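Let me begin by presenting the structure, written as structure tokens, before commenting on it.
In this text the structure is predicted, and so the values were computed from the model without any measurement.
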Amino acid sequence: SNECTNNCLYCAFRHDNKDLERRTLTLDELREQVLILEDMGHKRLLLESGEDLSKVPIDYVVKAIETIYATKSNLDTIRRVNVNVAATTVENYQALRAAGIGTYQLFQETYHRETYAQVHCAGKKRDFDWRLNGMDRAMQACIDDVGIGPLFGLADWRFELLGLMMHIQHLEKEFGVGCHTIS
């Protein structure tokens with residue numbers, strides 16, 4: 001889904017982008033797309049969504065994951081569904097874990113608070129701390145395969161790199177494991 005209530009200046013999904021046709025795939029449409037990907041030989045899939053919980057609640061994401069895993073082509077199946085959805089609650093992370101996700105990705109975009117406020121003009125994503133602590137909540141829900149990263153170019157790359165390393169250090173100290181991927 002590209003439905004989103006946030007207004008992030010760098011993102012084409014942003015709420016104020018009126019040129020974008022908004023859609024959320026039905027489960028049948030998703031199944032068709034998965035068959036195409038399987039027939040192409042793909043075995044891993046990244047499920048990504050904008051943030052509009054009224055149109056794409058966690059229940060839809062869980063059903064989408066279940067649909068992907070249940071869809072079998074003549075050639076192969078998707079064996080791992082990685083997920084990139086908005087920061088959420090421990091309970092919602094537990095639902096994602098129960099659905100069998102692979103890596104959970106959540107990008108901070110920038111660790112620089114002033115820049116973060118400038119580029120996140122509206123929506124839940126505007127809350128820097130909610131976003132930053134999303135990985136803590138994911139790990140509290142026993143998701144230990146996570147991907148993080150800044151969007152280089154928003155703030156000084158040296159600051160971002162330091163923030164990224166400190167984020168990883170925090171996760172390792174608090175949960176005994178850092179991130180699986182850095183993007």
Side-chain angles (χ1 to χ4, degrees), residues 1-6 8 10-11 13-14 24-25 30 43-69 78-113 115-117 119-120 122-152 154-155 159-183:
S1 174
N2 62 4
E3 304 280 354
C4 197
T5 58
N6 295 313
C8 309
Y10 53 82
C11 184
F13 285 7
R14 72 181 168 276
T24 299
L25 294 178
L30 178 62
K43 294 173 181 55
R44 294 175 182 225
L45 187 139
L46 174 62
L47 183 65
E48 184 165 349
S49 178
E51 184 174 3
D52 187 339
L53 298 179
S54 69
K55 295 180 180 164
V56 188
I58 198 69
D59 295 340
Y60 170 84
V61 176
V62 167
K63 287 177 187 169
I65 294 166
E66 292 168 350
T67 298
I68 292 165
Y69 281 133
I78 299 296
R79 298 177 190 165
R80 183 177 177 101
V81 179
N82 298 325
V83 177
N84 184 345
V85 297
T88 190
T89 64
V90 171
E91 294 77 21
N92 285 350
Y93 284 123
Q94 288 170 335
L96 292 174
R97 183 175 179 270
I101 67 168
T103 303
Y104 173 70
Q105 296 179 347
L106 182 68
F107 305 122
Q108 184 62 24
E109 318 304 2
T110 179
Y111 290 97
H112 190 261
R113 279 185 187 270
T115 302
Y116 191 94
V119 299
H120 298 100
K124 185 149 180 89
K125 192 171 177 182
R126 185 160 172 75
D127 186 338
F128 180 92
D129 292 319
W130 175 257
R131 184 78 173 189
L132 182 64
N133 295 319
M135 281 304 173
D136 287 66
R137 292 187 302 280
M139 290 186 158
Q140 288 166 5
C142 298
I143 296 175
D144 61 0
D145 191 345
V146 298
I148 63 176
L151 180 56
F152 286 106
L154 295 179
F159 183 88
E160 299 295 12
L161 190 56
L162 181 59
L164 177 65
M165 298 310 292
M166 290 177 71
H167 196 176
I168 293 167
Q169 184 179 43
H170 163 76
L171 295 174
E172 288 174 343
K173 180 182 175 192
E174 292 298 315
F175 301 101
V177 63
C179 57
H180 176 254
T181 60
I182 298 172
S183 295

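Interatomic distance, CG of Leu106 versus OG of Ser183, reported as 11.5 Å (0.5 Å rounding). Going from atom CD1 of Ile78 over to atom CD1 of Ile65 covers 13.0 Å, rounded to the nearest 0.5 Å. Ile58 CD1 to Gln94 CD: the interatomic distance, rounded to the nearest 0.5 Å, is 11.5 Å. With rounding to the nearest 0.5 Å, the separation of CD1 in Ile101 from CZ in Arg80 is 9.0 Å. In this structure, CH2 on Trp130 lies 6.0 Å from OG1 on Thr89, to the nearest 0.5 angstrom. Taken to the nearest 0.5 Å, the NZ atom of Lys124 stands 13.0 Å off from the SG atom of Cys4.
What you find for Phe107 and Ile148 is that their closest heavy atoms are CD2-C, 3.6 Å. Closest non-hydrogen pair, Met139 versus Gly178, comes out as CE-O, 3.5 Å. Shown here for Leu47 and Ala64, the closest heavy-atom pair between the two residues is CD2-CB, 4.1 Å. The shortest non-hydrogen separation linking Ala155 to Glu160 is CB-OE2, 3.2 Å. Closest of all the heavy-atom pairs between Gly147 and Met135 is O-CE, 3.2 Å. Taking every heavy atom of both residues into account, Phe152 and Leu161 meet most closely at CE2-N, 4.3 Å.
For Glu174, the CD atom is densely surrounded, since the number of other residues' heavy atoms within 6.0 Å is greater than 12.
Salt-bridge check for Asp129 with Arg113: passed, with a basic side-chain N closer than 4.0 Å to an acidic carboxylate O.
Looking only at side-chain heavy atoms (C-beta outward), Phe175 and Asp144 stay at 4.5 Å or farther from each other. Contact annotation: the side chain of Phe159 never approaches that of Thr110 to less than 4.5 Å [non-hydrogen atoms, C-beta and beyond]. Contact check for Cys8 versus Lys125: side-chain heavy atoms found under the 4.5 Å cut-off. Side chains of Asp127 and His120 form no contact here, defined as non-hydrogen atoms less than 4.5 Å apart. Side-chain contact check for Leu132 versus His167: some heavy-atom pair is nearer than 4.5 Å. Side-chain contact between His170 and Asp136: present, with at least one pair of heavy atoms (C-beta onward) separated by less than 4.5 Å. Contact annotation: the side chain of Tyr60 approaches that of Leu25 to within less than 4.5 Å [non-hydrogen atoms, C-beta and beyond].
Between the Tyr111 side chain and the Leu164 main chain, no donor and acceptor come within less than 3.5 Å of each other. Arg44 places no side-chain N or O within 3.5 Å of a backbone atom of Arg79 that could act as its donor or acceptor partner.
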Pair His112, Phe128 - check ring-ring contact (aromatic ring centres under 6.0 Å, His included), show working. CA-CA 9 Å; His112 190 261; Phe128 180 92; 9.3 Å; no
Could you please spell out the steps behind the side-chain contact (heavy atoms from CB on, under 4.5 Å) verdict for Glu109 and Val119? CA-CA 9 Å; Glu109 318 304 2; Val119 299; 5.9 Å; no
Audit row: Tyr116, Leu154, side-chain contact (heavy atoms from CB on, under 4.5 Å) steps and yes/no: CA-CA 8 Å; Tyr116 191 94; Leu154 295 179; over 6 Å; no
Just do the side-chain contact (heavy atoms from CB on, under 4.5 Å) check on Asn82 and His180 with the steps written out, would you? CA-CA 12 Å; Asn82 298 325; His180 176 254; over 6 Å; no
Give the intermediate values and the outcome of side-chain contact (heavy atoms from CB on, under 4.5 Å) for residues Asn6 and Phe13. CA-CA 8 Å; Asn6 295 313; Phe13 285 7; over 6 Å; no
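Under 3.5 Å, the side chains of Asp52 and Thr5 contain no donor-acceptor pair of N or O atoms.
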